[in-house]
Trainee: 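Dropping a structure here in structure tokens format, bear with me for questions.
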Amino acid sequence: AMACRKVCQMVQRRLASSAAAERLSAAELRSWRSALFSKEQNRQRSLYPRIEKIEVAMQGPGLQGTRLVMNKGVSTPHSCAKHLTEWHVSSAALALVDGELWHLHRPLTRSCILRLLTFKDVDPQLVNQAFWRSCASLLGQVLDDAFKEEYSVELLNVLEVPVSAGAFCCDLVLDPRLDSWSPSEENLRSLTRDAQQLIHKDLPWEPLEVAPPVALEIFSHSRCKQEEVEEIAAHSPNGVVSLYRCGQHVMLSGGPLVARTGLCCQYEVTALHAVGEGQWGLQRRAQGLSLPVNLTVMRNSVLSNSRCHNLCFVLFSLKEFCFMQYVDQDCLLDQNCVSVSMC
Amino acid sequence: LRHILTIKTSTWWDEHLSEDNVSFMRKTVMEEYKQLTTDKLNPLKDEPWPRHEWEENSRRVGLVAVKLGMMPVWTKTGEKHVVTMLQVQDCHVIKYLSKDENDGRSAALIVGAKNVSPFYRSEESMDIFRNAGLPPKQKLTTFNVTNNAIIKPGTPLYAAHFRPGQVVDVTAKTIGKGFQGVMKRWGFSGQPASHGQTKTHRRPGALGPGGDPAKVFKGKKMPGKMGNIYNTAFGLKVWRVNTKYNVLYVNGSVPGHRNCLVKVRDTILPRLLKKNNDPPFPTFFAEGGEELPEDLYAEDMFQPGDSMTF
């Protein structure tokens, strides 16, 4: 009777998998979402058939009084930076348009005052936070791609972890068959390698503001993501949901991300552990560390806590030297834990 | 009234299946279970490589270490020997070359040691490291390896790869002495200091036989640049292994200056091969779960605190 039940279950599973022909494989799902994203992007671009000019006033060290004439709905802060110098292009991570945080590749819609933010500003808080958020979404992208085709991976919303906590996190729910699996050192190493390859490709993060129905359609295969979309739409001031695309992967984000993946350097995936049973299954948290490209740290340096406020730091690929603190959802890490010293 | 027989609720699984279906189900059930169990161990797309057992005539990887210095060591019977300390710092397997890519004889593994800064390396050299997901290394060496000893690129190698009692060959670049004369370079005895020698005290003297060949043979030992070439010290016994700091204590002296990178591998001397039976194969994996004590000593080594027997 036991054998019979097992066989029946198996037969059912087979029938179920063959009947659900609309369930796509992971790669197909990714390309389908990316196609929808491109379609929406083209549609939004076609809203400006004639080129209208807007005036952008630049603010920043050495740029007093610079006024650029750009195209409405087409030019982005990135193109404004390209009019200046190559240093502006490579160091700009985020933009402030009329005091509002603006992604570097998001089109400008009106005449405004533009300020380009870099990692070496006097007050890099906003940029650091955006950098942390982008590293977390990169981690999510890597995890989405890393598992075999037969295992389902659900990325949950990215937690807003402050930079001083010492690590960025990404929550995910794996296939229930993997409940008893915990990653080995080698698995973490391969995740790190995938992330570093993504960084080397230097893909830009493309932003898109969409209405909730479009976002719901893009994520129509994942109930969990649809709920997130509804939540974000409810909280946002004008009801739009901001999506980002990196390569082929479309993701949601709670705030602006940095311009491109190449800005991260010395990226490490440090841990992946189970947090507890959540709404969708056993929730796992992946943690990582990364540094911006201009602010890397050499191996033979002793870092102290005081730099924690402005920089996030590193470990030069040897996890034995870093003690990762488990970031709980509502507790902030003790400031003393995050000093890393290397011999 | 006829008795109505109760419906038998228990059936067996192949009661209503045809014979073909029965054999199909039998096969596929076993395959699916096996696949599930293996997949559960590695659900990620790149799986760990299979680890094989040690056999006779299998060659495994070596390490790259840093020469720290030398110190004395005593045996239990009171004899004194000197050992060199070699520390394994950040040793990783970087690339795997199959037999065809390598030289057609055996597969090879490229191993690197000691992380250096990526900012002073060219983009092409960074390619190999990027594929392995490792920071660039100061020294890269190739080890010819049998097919059952290949390791996945990116695995770290530790000093516990060698155990006390094993015998090891160490290769390194010798200290460069510059342009040296024939006495220092080849050990010629030169000429006497006095008794009429005119301007001839450290010269080579005769260059060969004389009239018959009427030439100087190729390879004649003459003055030239000495040192700064790779040299191997064969048959060095490992006295002690420290697993906390990854230090190997290897008998005798080793070519190279202090803090130079040396290549350590199992001996190829035929008489000492049986000392290397059953080593950690293909290498010592730190996440294997076996806890080693901090210091591993060879059997005949005197440990402080032992009683002496005379």
Side-chain angles (χ1 to χ4, degrees), chain A residues 1-8 10-11 13-14 26 142-143 145-153 174-175 177-181 183-197 199-201 265-269 272 293 296-300 315-321 342-343, chain B residues 9-17 21-22 25-26 28-29 32-33 35-49 89-90 92-93 114-120 123 126-127 129-137 151-156 158 244-246 285-289:
Chain A
M2 266 295 269
C4 172
R5 202 185 314 142
K6 281 219 174 86
V7 166
C8 286
M10 214 155 1
V11 167
R13 221 189 299 153
R14 274 173 214 282
V142 161
L143 284 164
D145 203 11
F147 287 88
K148 286 189 186 153
E149 291 281 338
E150 27 316 335
Y151 295 109
S152 66
V153 180
L174 295 174
D175 199 284
R177 288 177 279 178
L178 294 176
D179 270 351
S180 51
W181 170 78
S184 66
E185 284 294 321
E186 200 165 331
N187 297 133
L188 292 178
R189 269 199 293 269
S190 65
L191 290 172
T192 309
R193 194 181 61 228
D194 292 336
Q196 280 172 351
Q197 278 172 351
I199 289 174
H200 179 62
K201 283 187 206 158
C265 188
Q266 290 177 322
Y267 197 100
E268 279 284 326
V269 178
L272 176 74
V293 98
T296 48
V297 170
M298 256 312 294
R299 191 176 176 263
N300 296 322
L315 95 110
F316 210 168
S317 101
L318 290 183
K319 295 189 200 73
E320 297 96 61
F321 290 125
M342 301 181 268
C343 59
Chain B
T9 48
S10 60
T11 63
W12 56 103
W13 67 278
D14 53 351
E15 186 186 2
H16 301 291
L17 292 178
N21 285 352
V22 162
M25 284 304 297
R26 273 216 171 94
T28 42
V29 158
E32 195 165 322
Y33 273 161
Q35 198 216 8
L36 264 182
T37 36
T38 45
D39 277 355
K40 250 186 146 185
L41 296 175
N42 7 297
L44 292 193
K45 273 185 191 155
D46 54 328
E47 301 168 16
W49 289 9
Q89 298 175 356
D90 310 327
H92 287 88
V93 174
K114 205 161 167 202
N115 298 336
V116 280
S117 152
F119 306 118
Y120 300 100
E123 276 298 311
M126 285 296 285
D127 260 339
F129 298 110
R130 204 175 291 120
N131 287 340
L134 294 165
K137 305 283 185 184
I151 308 178
K152 189 170 176 192
T155 349
Y158 301 99
K244 184 175 168 199
Y245 296 103
N246 273 331
F285 292 102
E287 64 252 18

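So that the names make sense, note that chain A is the first sequence line, chain B the second, and so on, each numbered from 1.
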Trainee: Would you say that B/Thr155 contacts A/Arg189 through its side chain, given a criterion of any heavy-atom pair below 4.5 Å between the two side chains?
Mentor: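 Contact flag for B/Thr155/A/Arg189 side chains = yes.
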Trainee: I'd like to check B/Asn131 versus A/Gln197 (side-chain heavy atoms, cut-off strictly below 4.5 Å). Are they in contact?
Mentor: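 Side-chain contact under 4.5 Å: yes.
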Trainee: Which atoms of A/Asp175 come close to chain B, meaning under 4.5 Å heavy atom to heavy atom: side chain ones, backbone ones, both, or neither?
Mentor: neither
Trainee: Side chain from CB out, backbone as N, CA, C, O: work out which of these in A/Leu143 comes under 4.5 Å of a heavy atom of chain B, or both, or neither.
Mentor: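 Contact with chain B is absent: no heavy atom of A/Leu143 under 4.5 Å.
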Trainee: Where on A/Ser184 is there a heavy atom nearer than 4.5 Å to chain B: the side chain, the backbone, both, or neither?
Mentor: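 Neither part; nothing is under 4.5 Å.
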Trainee: Atom CD of A/Gln196 and atom CG of B/Leu134: how far apart are they, to the nearest 0.5 Å?
Mentor: 8.0 Å
Trainee: Checking heavy atoms, do the side chain of B/Ala286, its backbone, both or neither come under 4.5 Å from chain A?
Mentor: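 Looking at B/Ala286, nothing touches chain A.
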